Amino acid sequence: MEKKYILAIDQGTTSSRAIAFTQDGHAYASSQREISQIFPQPGWVEQDPIEIWNSVQNVIAGVLIEGKIHPEEIKAIGITNQRETTVLWDKVTGEPVYHAIVWQSKQSSKVADHWKAQEHEALVKAKTGLPIDSYFSATKIQWLFEQKPEIKGRAQKGELLFGTIDTWLLWNLTGGKVHKTDITNASRTMLFNIHDLTWDQELLDLFELPASLLPEVASNAEIFGYTDASDYLFSGQTIPIAGIAGDQQAALIGQGALKTGMIKNTYGTGAFILMNTGNKPIVSENGLITTIAYQMNGEVTYALEGSIFVAGSAIQWLRDGLELIENAAETKNYCEAVVDSDNLYVVPAFTGLGAPYWDQEARGAIFGITRGTNKAHFIRATVESLAYQTADVVKTMVHDANVPVTLLKADGGASKNDFLMQFQADILQTKVKRPAFLETTALGAAFLAGLTTGFWQSFDEIKTVYMNAETFEPQMPSATSENLYQGWQEAVEATMKFKHRPINN
Ligand code: ADP
């Protein structure tokens with residue numbers, strides 16, 4: 001049978017998706033399924049690894065049915081995933097020993113604080129490019145070991161395996177035969193040396209984690225393994241799993257940001273901005289993360305990464321918290337109903353401020369309210385805050401990497417808002433390009449698998465996907481743009497004067 005498709009599996013924080021791509025890069029069939037979030041305590045976020053695996057099998061079956069695809073027609077599989085989320089399982093039975101501890105979960109904050117207090121921060125940053133934070137997998141493993149010494153004991157005896165979600169899925173897809181990860185997922189564990197490109201023994205010793213837990217690290221585009229011949233899911237076909245990357249890196253690839261200086265921003269619940277910095281890891285003086293963008297054909301490419309905690313979730317707040325709108329798409333009409341925000345600034349620092357301010361105690365604020373301020377101004381200022389926060393990170397990247405930015409590639413749910421895209425172009429005084437096809441994460445994973453297996457030779461072959469991309473050119477005079485941005489900076493500065501105080505009753 002002709003090999004017509006690449007199957008991408010996109011296992012995200014809130015849902016699992018599978019998309020079959022055709023030779024010209026178009027999504028031919030897709031299937032999606034939500035996954036449950038478990039909140040055992042405030043600030044903790046966990047998921048059931050078995051449910052994750054079941055949801056992935058479910059969406060694979062969904063794609064095959066929807067597209068009437070025979071597994072034999074699938075050339076290769078690519079995987080992309082929520083990063084950092086940590087699973088430990090029994091290497092014989094495949095049974096997870098605990099829930100998956102999700103990237104946002106704060107349950108390992110004390111572990112991170114302890115390591116920071118030991119003054120390990122400079123060492124960890126030099127080796128991994130990361131600050132010590134509960135975000136990263138190593139703290140989550142350590143937390144689990146502290147909570148459950150019997151798990152630590154089993155790990156020390158070599159009975160357990162660790163994986164981020166890519167590894168967990170790969171292990172299951174291959175019938176428990178392959179325990180590997182890719183270099184981008186490895187680079188988010190806080191255990192991987194991004195210069196030597198190996199697990200770092202000094203860090204493993206420091207954090208008392210046995211090396212036997214860790215998967216073998218591969219590049220992004222190579223054959224990781226084959227689907228299990230005894231698995232009914234693919235009717236016994238052994239299909240190569242030929243590409244893996246963490247979700248933000250996959251989006252960078254799917255956006256075709258394959259040259260030094262290219263930047264993408266995914267405007268989702270939060271926003272993740274990555275800049276391709278070529279073969280040099282750049283150390284940021286302003287709290288950006290240095291990470292691996294991808295490794296293909298033996299060459300490693302690095303990225304600077306900045307994240308915005310509150311992006312689309314500010315729009316959700318307008319809808320669910322303030323009940324000012326009924327749906328997110330409505331915001332565009334409100335934004336366009338007024339000529340400007342009338343000097344109103346909304347700083348949505350709901351959980352503190354990230355790069356380049358790094359103020360955990362800051363809380364949200366609104367500035368410039370007058371008797372004339374109306375609902376449209378308020379909504380517009382909230383939407384504008386996504387663009388201002390993006391500008392903060394992009395300007396920091398440009399400064400740290402010392403490369404000018406000529407184009408911002410946008411995707412994610414909130415990028416559907418034309419007003420936001422235009423305002424972003426105006427505030428950055430840079431072109432913003434949004435592809436018609438927004439599933440860049442899945443496309444990136446598919447591209448890696450297609451490249452490995454010769455389905456595609458280069459990114460140019462799937463460039464047609466971008467033919468319908470919309471480009472937003474800066475229209476605002478630069479003086480107006482600068483003035484508005486200065487107002488934002490003053491608003492942020494004023495926000496940071498007010499500190500969050502827990503109320504003592
Ligand atoms: P995630 O992958 O983080 O779950 P998505 O990329 O699906 O997020 O984007 C969803 C977010 O985008 C939501 O927070 C929603 O409020 C916001 N959003 C969706 N459509 C629009 C729109 N037209 N304008 C502004 N924000 C939007």
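Since the model is a prediction, treat every value here as computed from it, not as a measurement. Numbering of ligands and ligand atoms starts at 1, following listing order. Worth knowing before you read on, the calculation uses all heavy atoms, side chains too, and leaves out hydrogens, waters and symmetry mates.
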Just jot down the ring-ring contact (aromatic ring centres under 6.0 Å, His included) partners of [X], sequence neighbours excluded, or say none.
X	answer
Y388	Y345, F423, W488
W143	W44, Y98
Y28	Y5

Pick out the protein N or O atoms lying less than 3.5 Å from any N or O of ligand 1, and list each pair with its distance.
unit_1   : atom_1 : unit_2 : atom_2 : d
ligand 1 : 3 (O)  : T269   : N      : 2.9
ligand 1 : 3 (O)  : T269   : OG1    : 2.7
ligand 1 : 4 (O)  : T269   : OG1    : 3.4
ligand 1 : 6 (O)  : G413   : N      : 2.8
ligand 1 : 9 (O)  : G413   : N      : 3.4
ligand 1 : 12 (O) : A414   : N      : 3.4
ligand 1 : 14 (O) : G312   : O      : 3.0
ligand 1 : 14 (O) : Q316   : NE2    : 3.1
ligand 1 : 16 (O) : G312   : O      : 3.1
ligand 1 : 20 (N) : G413   : O      : 3.4
ligand 1 : 24 (N) : N417   : ND2    : 3.2

Taking R434 first and then D418, would you say they form a salt bridge - that is, a charged N and a carboxylate O separated by under 4.0 Å?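 D418 and R434: salt-bridged.
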Check the angle between the aromatic planes of F309 and W358 and answer parallel, tilted or perpendicular using the 30° and 60° thresholds.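 If you compare the ring of F309 with that of W358, the planes turn out perpendicular.
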Can you name the nearest heavy-atom pair linking P435 to A410, along with the distance?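 Minimum heavy-atom separation between P435 and A410: CD-O, 3.1 Å.
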